[in-house]
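Okay, structure first, notes after.
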Number of protein chains: 2
Amino acid sequence: MGVTIADNQPVERRKKIAKILEEKANGLCPVHDFLIHFANKWSMLVVLNLGYAGSPRFNELKARVSGISQRMLTVTLRSLEEDGLVARQLYPEIPPRVEYQLTPLGKSLLDVMMGLGEWAAKHEAEIAKARKKFRGRNAA
Amino acid sequence: MGVTIADNQPVERRKKIAKILEEKANGLCPVHDFLIHFANKWSMLVVLNLGYAGSPRFNELKARVSGISQRMLTVTLRSLEEDGLVARQLYPEIPPRVEYQLTPLGKSLLDVMMGLGEWAAKHEAEIAKARKKFRGRNAA
DNA sequence: GTTTTGAGTTACTTTAAGTAACCAACTTAT
DNA sequence: ATAAGTTGGTTACTTAAAGTAACTCAAAAC
């Protein structure tokens, strides 16, 4: 039995992704490695909000990213900085002033992330409907 | 002080995302809500692999998604099913046979996810470099 | 009658996320 | 002069999520 390619989407592109994903067999799949770091709500929401906000300061960003705690914002920003997605600019005044912004790499990721954001906004209702249906089925 | 829009990217698109993200103030941001469910490595890797694999059975999928445990695959698939992204087809034989595939909604998300996958593959080296640099700086 | 099979559970451990209090060091208000 | 407020964190602690390993079901093959 050969490998099955799912229908009705650009096949070439799929093959490309497939090849990338298969490198995981050798333990070096870049998608896997990246998602392990980056695939969490705060990283994604921070990148999305940074894309909009320009160069916000720590507390501006905290206010913007709804529900995030001070600790998780620090942790998330350090992680994004580590991956080269976010630049941290410290002005050693007192009280301290720190500005965050996307690096060029971060901005290139933002373009992709906006696609995700738009998708989520567009299909909100459909997802809500599916959840309701699922819960109905599994209530019994 | 007005709202700052970051430079050199399509501004209209940003405004759109910004508007969506700001709904969070009312506690109903669809992007936020969706990411809280979906933004984790296993959900994303499962969708990506399902896009490639067609209609794999449980253990095929488990073999494909490197590093995932039986429990996490079950949990992840249930969550994706709940959101209407994945369809589960049970054939009540013994031993049981179960096939999973992306729904049309899941396929539409796959297109966006492939963008993320391609981005990760493309910028792998740049990220690795940034991480090295970061660790160098923070070793002291 | 013991083993195997596929798709899960269940019980338990470890890691990550969330909460809340605290800090440094300088400015402004009392 | 002392007290309070400022920003961008840290530290200690609690809860929730992820990871690990053993177990289940019912029939089929050995």
Side-chain angles (χ1 to χ4, degrees), chain A residues 1 24 27 32-47 49-50 53 55-83 86-101 134 137-138, chain B residues 1 24 27 32-47 49-50 53 55-83 86-101 134 137-138:
Chain A
M1 188 187 75
K24 74 186 183 306
H32 189 276
D33 286 355
F34 176 68
L35 288 181
I36 278 179
H37 249 216
F38 182 69
N40 64 78
K41 60 182 172 185
W42 295 136
S43 293
M44 294 195 167
L45 286 169
V46 165
V47 166
N49 277 282
L50 272 176
S55 307
R57 298 176 61 176
F58 185 87
N59 280 324
E60 287 176 61
L61 196 53
K62 181 165 173 286
R64 205 182 278 281
V65 181
S66 146
I68 199 168
S69 67
Q70 212 154 3
R71 197 182 81 94
M72 285 316 294
L73 184 55
T74 306
V75 168
T76 302
L77 284 169
R78 288 291 179 285
S79 159
L80 294 173
E81 205 195 340
E82 183 177 358
D83 287 355
V86 161
R88 177 177 185 271
Q89 176 71 41
L90 164 71
Y91 300 91
E93 310 165 355
I94 282 166
R97 182 159 64 94
V98 181
E99 284 179 4
Y100 290 94
Q101 64 176 337
F134 182 89
R137 254 186 293 134
N138 293 46
Chain B
M1 189 188 74
K24 74 187 185 304
H32 190 276
D33 285 354
F34 177 68
L35 288 181
I36 279 179
H37 249 217
F38 183 71
N40 63 78
K41 59 181 172 183
W42 296 134
S43 294
M44 295 196 167
L45 286 170
V46 165
V47 165
N49 277 283
L50 272 176
S55 307
R57 298 176 60 176
F58 185 87
N59 281 324
E60 286 177 63
L61 196 54
K62 181 167 173 285
R64 206 182 278 283
V65 181
S66 145
I68 198 167
S69 68
Q70 213 153 8
R71 197 182 82 93
M72 285 316 293
L73 183 55
T74 306
V75 168
T76 302
L77 285 168
R78 289 291 178 285
S79 160
L80 294 173
E81 206 194 338
E82 182 176 359
D83 287 355
V86 162
R88 179 179 184 269
Q89 176 71 40
L90 164 71
Y91 301 90
E93 310 164 359
I94 281 168
R97 181 159 64 95
V98 182
E99 285 178 4
Y100 290 94
Q101 63 177 336
F134 182 87
R137 255 187 292 133
N138 293 47

Whole Å only: how far is the [atom1] atom of [X] from the [atom2] atom of [N]?
{"X": "B:K62", "N": "D:dA21", "atom1": "NZ", "atom2": "C1'", "answer": "12 Å"}
{"X": "A:E81", "N": "D:dG8", "atom1": "CD", "atom2": "P", "answer": "14 Å"}
{"X": "A:R78", "N": "C:dA17", "atom1": "CZ", "atom2": "C1'", "answer": "17 Å"}
{"X": "A:Q89", "N": "D:dT7", "atom1": "CD", "atom2": "P", "answer": "19 Å"}
{"X": "B:F58", "N": "C:dA7", "atom1": "CZ", "atom2": "C1'", "answer": "6 Å"}
{"X": "A:L77", "N": "D:dG8", "atom1": "CG", "atom2": "P", "answer": "11 Å"}
{"X": "B:I94", "N": "C:dG8", "atom1": "CD1", "atom2": "P", "answer": "14 Å"}
{"X": "B:R57", "N": "C:dG8", "atom1": "CZ", "atom2": "P", "answer": "11 Å"}

Report all side-chain donor-acceptor pairs from residues 70-77 of chain A shorter than 3.5 Å, counting only partners two or more places apart or in another chain.
| from | atom 1 | to | atom 2 | distance (Å) |
| --- | --- | --- | --- | --- |
| A:T74 | OG1 | A:Q70 | O | 2.9 |
| A:T76 | OG1 | A:M72 | O | 2.6 |

Where the side chain of [X] is defined as all heavy atoms beyond and including C-beta, which of [options] is the nearest nucleotide?
{"X": "A:V98", "options": "C:dT9, D:dG9, D:dT6", "value": "D:dG9"}
{"X": "A:T74", "options": "D:dT10, C:dG8, C:dA7", "value": "D:dT10"}
{"X": "A:R97", "options": "D:dT20, C:dT5, D:dG8", "value": "D:dG8"}
{"X": "B:P95", "options": "C:dG6, D:dT7, D:dG8", "value": "C:dG6"}

[X] side chain near [Y] side chain, heavy-atom distance below 4.5 Å:
{"X": "A:Q89", "Y": "A:Q101", "answer": "no"}
{"X": "A:V98", "Y": "A:R57", "answer": "no"}
{"X": "A:S66", "Y": "B:H32", "answer": "yes"}
{"X": "B:F38", "Y": "B:L80", "answer": "yes"}
{"X": "A:L61", "Y": "A:V46", "answer": "yes"}
{"X": "A:L90", "Y": "A:R88", "answer": "yes"}

Query raised in the report: Is it true that B:E82 and A:R137 have a side-chain N and a carboxylate O under 4.0 angstrom from each other?
Result: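 Salt bridge: no.
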Query raised in the report: Salt bridge between A:K62 and A:E60, side-chain N to carboxylate O under 4.0 Å?
Result: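 Here A:K62 does not pair with A:E60 in a salt bridge, since their nearest N and O are not under 4.0 Å apart.
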Report summary line: Sorted by number, residues from residues 35-44 of chain A placing a heavy atom under 4.0 Å from DNA chain C are A:K41, A:W42
What's touching nucleotides 10-16 of chain C from the protein side, N or O pairs under 3.5 Å?
none

Query - Side-chain N,O (A:R88) to OP1/OP2 (D:dG9) below 4.0 Å - result: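 Yes, because at least one side-chain N or O of A:R88 sits under 4.0 Å from OP1 or OP2 of D:dG9.
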Report task. Check whether any side-chain N or O of A:Y100 sits under 4.0 Å from OP1 or OP2 of D:dT7, and answer yes or no. Result -> no
**Report entry** hbond_proxy B:E93 side chain to C:dG6 base (donor-acceptor, 3.5 Å cutoff)
**Finding:** no
**Report entry** Whichever of A:P96 and B:P96 has its nearest DNA chain C nucleotide further upstream toward 5'
**Finding:**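 Comparing both residues, the 5'-ward one is B:P96.
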Query raised in the report: Nearest 0.5 Å, what's the CH2-OG distance between A:W42 and A:S69?
Result: 7.5 Å
Report task. With heavy atoms under 4.0 Å as the rule, sort B:Y91 into base, sugar-phosphate or nothing. Result -> nothing
